[in-house]
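Following: one structure in structure tokens, then a few remarks.
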Amino acid sequence: MTFYRGSELESVYQNALSDGFGLVASNIAEPNVLIGLMEGASRAESDLLLQASAGACRFAGNGDAEAGLNALGAYIDALAEGFDIGVFLNMDHQTDTEFIEFQMDEEIPSSVMIDASSESFEENVKISREVVRMATEKDADVLIEAELGQIKGAEDDLEVDNAFYTDPEQAVEFVDRTGCDLLAISVGTQHGVAKGKDLELRPDLAGEIRQTLRDHGLDTPLVLHGSSGVQPDQLRTMLRHGICKVNKDTRYQYEYTRTAMEYYERHRNSIVPPDADRDGRDTFFNETAWTPNKDHFDPRVGGRQIRERIAEVHAQLAAVSGSAGRSRYLETQ
Ligand code: G3H
Ligand code: ZN
């Protein structure tokens, strides 16, 4: 349907807060994941929140983040037309205010996350507030997410060795002084490969942060980063404690590669010649009896398998997070 911006996304979060569900914010860097996510969200009748990091934009733009964002934005916009759900784009873990300004001027994202969580509290407040002001001054239709606390692990170019759990009173001061629309908190999740059973999750702390904010008149949706290893029951508990945006990246990266690997392993003999004929590659097998089979090496064939698996995984996640069957677009039909 439509590639929506901040004001529509805000109304989805309001529904999420009142009805106790969450949006799975799903990272993209290339078309097969993007199309798989659209397909999965559409099957689940869920709105779709995509995410792109600066690294993903640079990848899409062959090193040029601005070109990559423009290309991704145009691609999302064109493809969203084919699906009867609302599609949104969050700019994930942004650290460069010049690039954020570009995003707002191009009017592409629905929301922007400024990540100054590695800075001191005061510096984090200052940088995050500047981004909120930038959006206000430009009258940009974007929500601003900021982060307080530190989440262990590696995401894009950012690496954190030790977790710092978010303090509820500091969260109130942070939201109050920055004016951010969403708050990313650290409650024991980890960026990257992490097993839910090993995580020291603190849903109680998420609940306390939510309640302390509410006690001060702040109805700020909370964001859970590093959620790939978080298990369905753990996720449901988090959702009951004020989380309404759940970030997943690593899970899709794994599904992408494993799906491709299994497919190519199954069809190895159609793609790789027997050992003795390996040299034939440079002549495209002109001198050998063996011939590769295009039915299996055409990248679109493996690509379709990847799209289907990403669609399945995302539809399952939308069911767990409770966004399935609640598309804002479908509700207005
Ligand atoms: O911002 C993106 C996420 O927090 C993704 O975390 O890679 O652990 O799924 P993940
Ligand atoms: Zn993250």
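Computed over heavy atoms, backbone and side chain alike; hydrogens, waters and symmetry mates excluded. Along the sequence shown, the residues carry numbers beginning at 1. Values in this document were obtained by computation on a predicted structure and should not be read as measured data. Both ligands and their constituent atoms are indexed starting at 1 by order of listing.
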Output, or 'none' if empty, a list of ligand 1-protein atom pairs in which both atoms are N or O and the distance is under 3.5 Å, rounded to 0.1 Å.
from	atom 1	to	atom 2	distance (Å)
ligand 1	1 (O)	Asp92	OD1	3.0
ligand 1	1 (O)	Asp92	OD2	2.6
ligand 1	1 (O)	His93	NE2	3.1
ligand 1	1 (O)	His225	ND1	3.2
ligand 1	1 (O)	Asn247	ND2	3.1
ligand 1	4 (O)	His191	NE2	2.9
ligand 1	4 (O)	His225	ND1	3.2
ligand 1	4 (O)	Gly226	N	2.8
ligand 1	6 (O)	Gly226	N	3.3
ligand 1	7 (O)	Glu155	OE1	3.2
ligand 1	7 (O)	Thr250	N	3.0
ligand 1	7 (O)	Thr250	OG1	2.5
ligand 1	8 (O)	Gly192	N	3.0
ligand 1	9 (O)	Ser228	N	3.4
ligand 1	9 (O)	Ser228	OG	2.4
ligand 1	9 (O)	Asp249	N	2.8
ligand 1	9 (O)	Thr250	N	3.3

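- Not counting sequence neighbours, the partners of Asp105 by the side chain to side chain donor-acceptor pair (under 3.5 Å) test are Lys138.
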task: Just do the salt bridge (Lys or Arg N to Asp or Glu O under 4.0 Å) check on Lys245 and Glu145 with the steps written out, would you?
output: CA-CA 11 Å; Lys245 173 172 178 274; Glu145 173 184 336; 2.7 Å; yes
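- The aromatic rings of Phe121 and Phe174 are tilted relative to each other, their planes meeting at an angle between 30° and 60°.
- Side-chain contact between Phe102 and Leu69 is present, with heavy atoms from C-beta onward closer than 4.5 Å.
- Here the CG-CD distance, from Asp215 to Glu169, works out to 9.0 Å after rounding to the nearest 0.5 Å.
- Residues Pro292 and Ile271 fail the side-chain proximity criterion, which asks for heavy atoms closer than 4.5 Å.
- Counting just the N/O/S atoms of His225, the one with the shortest distance to the Zn ion (ligand 2) is named ND1.
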